[in-house]
There are 2 protein chains.
Amino acid sequence: MPRVRHKTFDCSAGCPVEGVLNLIDGKWKGVILYHLMSGTLRFNEIRRKLVNVTQRMLTNQLRELEADGLIIRKVYAEVPPKVEYSLSERGRSLEPVINALKAWGDANLAVDKIDVEAA
Amino acid sequence: MPRVRHKTFDCSAGCPVEGVLNLIDGKWKGVILYHLMSGTLRFNEIRRKLVNVTQRMLTNQLRELEADGLIIRKVYAEVPPKVEYSLSERGRSLEPVINALKAWGDANLAVDKIDVEAA
DNA sequence: CATCACGGTATCCTTTTTGACACTATATAC
DNA sequence: GTATATAGTGTCAAAAAGGATACCGTGATG
């Protein structure tokens, strides 16, 4: 499992920018946060939204988000297991950031263009 | 709001979010963009602002940003060499995004020791 | 002649991240 | 008694990212 992502952020002026990026990059974190903005989701609900994610990766990403205090993991003592993920206060405060990302993406990552570059 | 019409690669609704993240993650890209928001900079000026970056990494990051159309590289035929980097139109349009990142970082990563201790 | 500044390349190596795939527990349904 | 669903773990391997270090060309400076 990828270990401690948090070292100390000793950097200069642009540092906060990198700091946030360290929290939300990782192949699936952005999308996970985005989906959780719409409400609580269970493990497999998230999995179905992130089409190609493996269980291991999803678990990893969720654990890291949890460790960074952005999401809350709630386990129900049931069988079959039930685990719900939701945004914490801190996670919810990221909403403007995620929205800015989404807005720019929508405006500047037109599908045609991606097609051309990917081809 | 333009929406994704067709899946080029498996992404669901949160895709644009990941798309932008793919452009601006990389260990130094966020900070580079941040610094270029204040104006044109030469290679070594950027280098001095990113204290621990190696030449190789800085070159890499700048080339990727250039390839993604976010910055412009202008070479002067002089000796010693002079190369100026500045934001493109597209890069400048990222300003709200970078600002959102910076704002959140300033507000939530102020002293990261608090993270550890308070949690 | 030797050295510095500039903006890089070229090589090699280590660390980090991601992926494939197999395995687990248990209650319920068939 | 076999299969299903859930939410995971464990192990190994590949790929991507990042780092260390050395080198290049040239004109001016000492």
Side-chain angles (χ1 to χ4, degrees), chain A residues 1-11 14-15 18-19 21-32 35-36 40-68 71-86 118, chain B residues 9-11 15 18-19 21-32 35-36 40-68 71-86:
Chain A
M1 185 139 77
R3 290 296 164 203
V4 198
R5 225 164 208 280
H6 267 294
K7 301 139 204 162
T8 40
F9 302 124
D10 54 338
C11 45
C15 174
E18 282 306 319
L21 251 19
N22 282 340
L23 297 183
I24 66 180
D25 76 7
K27 189 156 181 184
W28 306 96
K29 291 189 188 174
V31 209
I32 292 171
H35 285 299
L36 286 179
T40 297
L41 291 172
R42 296 180 59 176
F43 186 87
N44 274 352
E45 289 177 324
I46 300 175
R47 185 139 88 116
R48 279 186 286 268
K49 286 174 186 291
L50 275 48
V51 185
N52 279 325
V53 74
T54 61
Q55 274 184 328
R56 186 173 137 328
M57 272 310 291
L58 182 53
T59 303
N60 276 354
Q61 302 281 292
L62 288 168
R63 291 296 198 285
E64 289 185 23
L65 288 170
E66 192 193 1
D68 288 330
I71 65 173
I72 291 168
R73 177 167 179 267
K74 186 170 182 186
V75 182
Y76 295 81
E78 296 177 7
V79 169
K82 176 177 172 185
V83 180
E84 284 183 348
Y85 291 92
S86 55
Chain B
F9 46 98
D10 46 358
C11 51
C15 177
E18 281 307 319
L21 252 18
N22 283 340
L23 297 183
I24 66 180
D25 75 6
K27 189 155 179 185
W28 306 96
K29 291 189 188 174
V31 210
I32 292 171
H35 285 299
L36 286 179
T40 297
L41 291 172
R42 295 180 59 177
F43 185 87
N44 275 351
E45 289 177 325
I46 299 175
R47 185 139 86 118
R48 279 186 287 269
K49 285 173 186 295
L50 275 49
V51 185
N52 280 326
V53 75
T54 61
Q55 275 185 327
R56 186 170 103 37
M57 272 311 291
L58 182 51
T59 303
N60 275 355
Q61 303 282 289
L62 288 169
R63 289 291 147 68
E64 289 185 25
L65 289 170
E66 193 194 0
D68 288 331
I71 64 173
I72 292 170
R73 178 168 179 267
K74 186 170 181 186
V75 182
Y76 294 81
E78 296 177 8
V79 169
K82 177 177 172 185
V83 180
E84 284 183 350
Y85 291 93
S86 55

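Every value quoted in this text rests on a predicted model; they were computed, and no experiment measured them. Lettering follows sequence order; numbering is per chain, from 1.
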Tell me every residue that passes side chain to side chain donor-acceptor pair (under 3.5 Å) with [X], counting only those two or more places apart in sequence or in another chain.
X	value
B/R56	none
A/E84	A/Y76
B/R42	none
B/R48	none

Round to a whole Å and report the spacing from [atom1] of [X] to [atom2] of [N].
X	N	atom1	atom2	value
B/K27	D/dG18	NZ	C1'	7 Å
A/Y76	C/dA25	OH	P	26 Å
B/L50	C/dG7	CG	P	15 Å
B/E18	C/dT17	CD	P	15 Å
A/R73	D/dA7	CZ	C1'	8 Å
A/D25	C/dT17	CG	P	8 Å
B/R47	C/dG7	CZ	P	9 Å

(request) Grab the two heavy atoms, one from B/L21 and one from A/G30, that are nearest each other, plus how far apart they are. (result) CD2-CA, 3.9 Å

(message) How bent is the helix from C/dC1-D/dG30 to C/dC30-D/dG1, measuring the angle between the end axes built from five pairs each, rounded to 10°?
(response) 20°

(request) Begin from the C-alpha positions of B/R73 and B/V83 and carry the test side chain to side chain contact (heavy atoms under 4.5 Å, CB included) through to its verdict. (result) CA-CA 7 Å; B/R73 178 168 179 267; B/V83 180; 3.8 Å; yes

(request) Answer whether the closest heavy-atom distance between the side chains of A/I72 and A/E66 falls below 4.5 Å. (result) no

Taking N or O atoms only and anything under 3.5 Å, show me the protein contacts with nucleotides 3-6 of chain C, one pair per line.
from, atom 1, to, atom 2, distance (Å)
C/dC6, O3', B/R42, NH2, 3.2
C/dC6, O3', B/P81, O, 2.9

(message) For DNA chain D, which residues of residues 56-66 of chain B approach it to below 4.0 angstrom with any heavy atom?
(response) B/R56, B/M57, B/Q61

(message) Taking side chain to side chain contact (heavy atoms under 4.5 Å, CB included) as the definition, give me every residue that meets it alongside B/L41, ordered by chain and number, with sequence neighbours left out.
(response) B/H35, B/L36, B/E45, B/I46, B/K49

Which atom pairs, donor and acceptor, lie under 3.5 Å between side-chain atoms of residues 57-64 of chain B and protein residues at least two apart or in another chain?
from, atom 1, to, atom 2, distance (Å)
B/T59, OG1, B/Q55, O, 2.8
B/Q61, OE1, B/W28, N, 3.1
B/Q61, OE1, B/K29, N, 3.4
B/E64, OE1, B/K29, NZ, 2.7

(message) Under 3.5 Å, is there any donor-acceptor pair linking the side chain of B/Q55 to the base of C/dG7?
(response) yes

(request) Working to the nearest 0.5 Å, report the span between SG of B/C15 and CD of B/E18. (result) 8.0 Å

(request) Measure the CD1-CD1 distance between B/I32 and B/I71 for me, rounded to the nearest 0.5 Å. (result) 7.0 Å

(request) Indicate, with a heavy-atom threshold strictly under 4.0 Å, whether B/Y85 touches base, sugar-phosphate, or nothing. (result) sugar-phosphate

